[in-house]
Amino acid sequence: MLKKMSIKKIITSSIVLMIVFLIYIVPTPSKKETKIPTIVEYVNVDVKTHTIYLLDNNNYVSKTSIRITNTKTEEIARELIELMTQEGKNSDQIPSGFQPLINSNTKINSISLTKDTLKVDLSKDFLTTSKDLEEKTLESLVYTLTSIDGVNYIILYIDGKILTKLPQNNINLPSTLNRDIGINKNYQLKNTKNITSTTIYYIHEYNNDYYYTPVTTINNDEREKIEIIIDELGSTVKQNHLMSFLNNKTSVVDYKIQNKKMNVCFNENIFNDFDKKDILEEVLYTISLSIYDNYDVEEIIFEVNNQEITKTTLKSLE
């Protein structure tokens with residue numbers, strides 16, 4: 001019995017010694033040798049597009065779109081102004097065929113929002129531009145910033161003082177600016193009585209792509225603006241690089257405005273395809289953009305024979 005116990009002890013001791021020996025000779029990985037798997041985090045940046053008005057190759061301030069990353073009103077405004085500034089931040093994003101108008105040395109002093117009015121304070125370099133581009137630079141700024149959701153008015157300060165005159169052209173300005181200042185102005189005045197201004201969007205083409213150009217015509221036409229819009233778009237084939245695809249036989253049968261909605265009833269000539277009751281997208285856009293710049297409405301319902309064909313909203317077009 002003792003012999004068996006002795007043998008058992010020897011075996012047990014031998015096993016223990018073997019384990020200790022193995023632990024000793026097999027090195028434990030040092031902290032330096034320990035590999036920790038790399039964790040990669042992907043940041044999802046919400047990139048969206050926004051309307052911006054820039055100078056095109058035909059010397060018109062035109063509507064195009066550009067990528068932006070901000071979501072708050074003041075931050076969007078700052079980003080857009082930087083994009084409208086020559087040699088500015090992210091200038092490589094400017095679409096081909098367009099160029100910014102704001103002088104490269106212009107600094108943004110401050111931007112703040114009060115209700116629907118955006119207050120923008122820029123350095124005096126904003127006014128150091130050529131005489132022929134001075135008014136277009138202001139138009140570009142006002143039309144771009146009023147395309148921001150919720151912004152209807154702009155108060156422009158130059159180093160703390162409200163801008164009330166364009167110095168090079170000696171043009172007086174209201175202290176609060178909106179799209180009533182017009183854009184790419186075309187004067188056709190016969191006298192100084194019953195002066196009206198109507199902004200109409202036309203089509204431009206660059207590298208087989210279409211974009212939209214607003215032109216404010218100032219004349220003595222006393223007709224209702226919806227009639228002027230349709231008549232002008234219907235009569236424009238291609239002039240001064242401006243185009244319209246609206247059938248010249250299209251006419252407005254009736255219209256009404258209620259609760260910021262405008263119902264416009266057209267004759268059947270507005271259709272591109274009568275059987276499909278199809279209206280060209282370019283026709284929808286030129287009519288809709290023109291109406292939104294001349295009427296205080298947020299939705300347009302297109303009708304033919306008193307039947308709704310389609311509708312657009314101001315937000316969807318911006």
Side-chain angles (χ1 to χ4, degrees), residues 49-66 80 83-84 86 91 93-102 129-144 146-147 166 169 171 179-190 196-221 225-250 269-270 272 279-294 312 317-318:
T49 60
H50 198 284
T51 294
I52 189 170
Y53 287 79
L54 300 169
L55 192 70
D56 70 6
N57 286 338
N58 299 304
N59 207 37
Y60 286 98
V61 179
S62 298
K63 181 180 186 292
T64 183
S65 61
I66 202 161
L80 289 171
L83 288 163
M84 285 188 287
Q86 298 165 5
S91 59
Q93 295 183 24
I94 299 296
S96 179
F98 294 90
Q99 59 179 302
L101 283 162
I102 298 177
T129 184
S130 61
K131 185 176 180 179
D132 60 324
L133 291 179
E134 184 183 50
E135 193 170 9
K136 290 182 182 293
T137 303
L138 181 69
E139 294 168 358
S140 168
L141 180 70
V142 171
Y143 268 69
T144 296
T146 53
S147 69
L166 292 178
N169 286 281
I171 297 175
R179 295 194 179 191
D180 287 346
I181 66 169
I183 189 168
N184 298 311
K185 298 180 188 67
N186 174 27
Y187 291 90
Q188 298 179 359
L189 291 171
K190 296 178 180 178
T196 61
S197 63
T198 308
T199 301
I200 300 174
Y201 281 73
Y202 300 90
I203 297 169
H204 258 134
E205 183 179 7
Y206 181 79
N207 284 350
N208 298 318
D209 288 327
Y210 294 130
Y211 61 91
Y212 299 91
T213 299
V215 174
T216 301
T217 298
I218 300 169
N219 57 19
N220 305 104
D221 195 331
K225 290 192 177 183
I226 182 63
E227 297 177 11
I228 297 173
I229 291 167
I230 300 307
D231 182 60
E232 180 60 32
L233 290 175
S235 62
T236 301
V237 180
K238 187 172 183 179
Q239 54 187 13
N240 298 325
H241 305 285
L242 301 171
M243 296 184 293
S244 171
F245 298 153
L246 181 66
N247 187 315
N248 61 7
K249 294 181 180 179
T250 303
N269 292 302
I270 195 173
N272 178 55
I279 302 176
L280 282 175
E281 180 182 282
E282 292 82 6
V283 169
L284 282 174
Y285 267 66
T286 51
I287 293 175
S288 297
L289 290 169
S290 301
I291 289 175
Y292 288 128
D293 261 26
N294 290 282
T312 66
L317 296 181
E318 291 291 1

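For Lys249 (side chain) and Gly234 (main-chain N/O), no donor-acceptor pair under 3.5 Å exists by modelled atom type. No donor-acceptor pair closer than 3.5 Å links the side chain of Asn207 to the backbone N or O of Asp209. Using a distance-only test at 3.5 Å, with no hydrogens or angles considered, no donor-acceptor pair links the side chain of Asp56 to the main chain of Ser62. The backbone N or O of Leu83 lies less than 3.5 Å from no partner atom in the side chain of Gln93, so there is not a single donor-acceptor pair. Using a distance-only test at 3.5 Å, with no hydrogens or angles considered, no donor-acceptor pair links the side chain of Asn272 to the main chain of Leu280. The backbone N or O of Glu227 sits nowhere less than 3.5 Å from a side-chain atom of Asp231 that would complete a donor-acceptor pair. Side-chain N or O atoms of Thr286 include none that pairs as donor or acceptor with a backbone N or O of Tyr202 at under 3.5 Å. With hydrogens and angles disregarded, a donor-acceptor distance shorter than 3.5 Å links the side chain of His204 to the backbone of His241.
One finds the CD1 atom of Ile183 at 10.0 Å from the CG atom of Leu138 (value rounded to the nearest 0.5 Å). Expressed to the nearest 0.5 Å, how far CD1 of Ile230 lies from CG of Asn248 amounts to 12.5 Å. Rounded to the nearest 0.5 angstrom, Ile66 CD1 and Leu80 CG are separated by 8.0 Å. We find the CG-CG distance between Leu284 and Leu246 to be 10.5 Å, quoted to the nearest 0.5 Å. Between the OG atom of Ser197 and the CD1 atom of Ile181 there is a distance of 11.0 Å, given to the nearest 0.5 Å. Put simply, CD1 on Ile228 and OG1 on Thr217 are 9.0 Å apart, with the number rounded to the nearest 0.5 Å.
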Determine whether Asn59 and Lys136 satisfy the following criterion, side-chain contact (heavy atoms from CB on, under 4.5 Å), listing intermediate values before the conclusion.
CA-CA 9 Å; Asn59 207 37; Lys136 290 182 182 293; 3.9 Å; yes
Carefully, step by step, assess Val283 and Thr250 under the rule side-chain contact (heavy atoms from CB on, under 4.5 Å).
CA-CA 11 Å; Val283 169; Thr250 303; over 6 Å; no
Test side-chain contact (heavy atoms from CB on, under 4.5 Å) on Tyr60 and Leu242; report intermediate values, then the result.
CA-CA 10 Å; Tyr60 286 98; Leu242 301 171; 3.9 Å; yes
Residue pair Glu139, Val142: steps toward the side-chain contact (heavy atoms from CB on, under 4.5 Å) verdict
CA-CA 5 Å; Glu139 294 168 358; Val142 171; over 6 Å; no
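Here the shortest heavy-atom pairing between Met84 and Ser140 reads SD-OG, 3.5 Å. Minimum interatomic distance between Ser147 and His50 (heavy atoms only, all atoms of both residues): OG-CE1, 3.2 Å. Closest approach of Lys131 to Asn169, counting heavy atoms only: O-ND2, 2.9 Å. Closest approach of Thr196 to Asp221, counting heavy atoms only: OG1-O, 2.9 Å. Across Val61 and Thr213, no two heavy atoms sit closer than the pair O-CG2, 4.1 Å. In this structure, Ile291 and Ile229 approach most closely via the heavy-atom pair N-CD1, 4.1 Å.
No side-chain heavy atom of Arg179 sits under 4.5 Å from any side-chain heavy atom of Thr199. Contact check for Pro95 versus Leu54: side-chain heavy atoms found under the 4.5 Å cut-off. At a threshold of 4.5 Å between non-hydrogen side-chain atoms, the residues Tyr143 and Asp293 count as touching. Side-chain contact between Leu141 and Tyr53 is absent, with no heavy-atom pair separated by less than 4.5 Å. By the 4.5 Å heavy-atom criterion applied to side chains, Tyr212 and Glu282 are counted as neighbours. Ile94 is not listed as a side-chain neighbour of Gln99, based on a closest heavy-atom distance of 4.5 Å or more. Within the 4.5 Å cutoff, side-chain heavy atoms of Leu317 are placed close to those of Leu289. At a threshold of 4.5 Å between non-hydrogen side-chain atoms, the residues Thr312 and Tyr292 count as touching.
When the options Asn219, Val215, Thr198, Ile200 are evaluated for a side chain to side chain contact (heavy atoms under 4.5 Å, CB included) with Asn186, the one that passes is Val215.
Ring to ring, Tyr285 and Tyr210 are not that close: their centroids are 6.0 angstrom or more apart.
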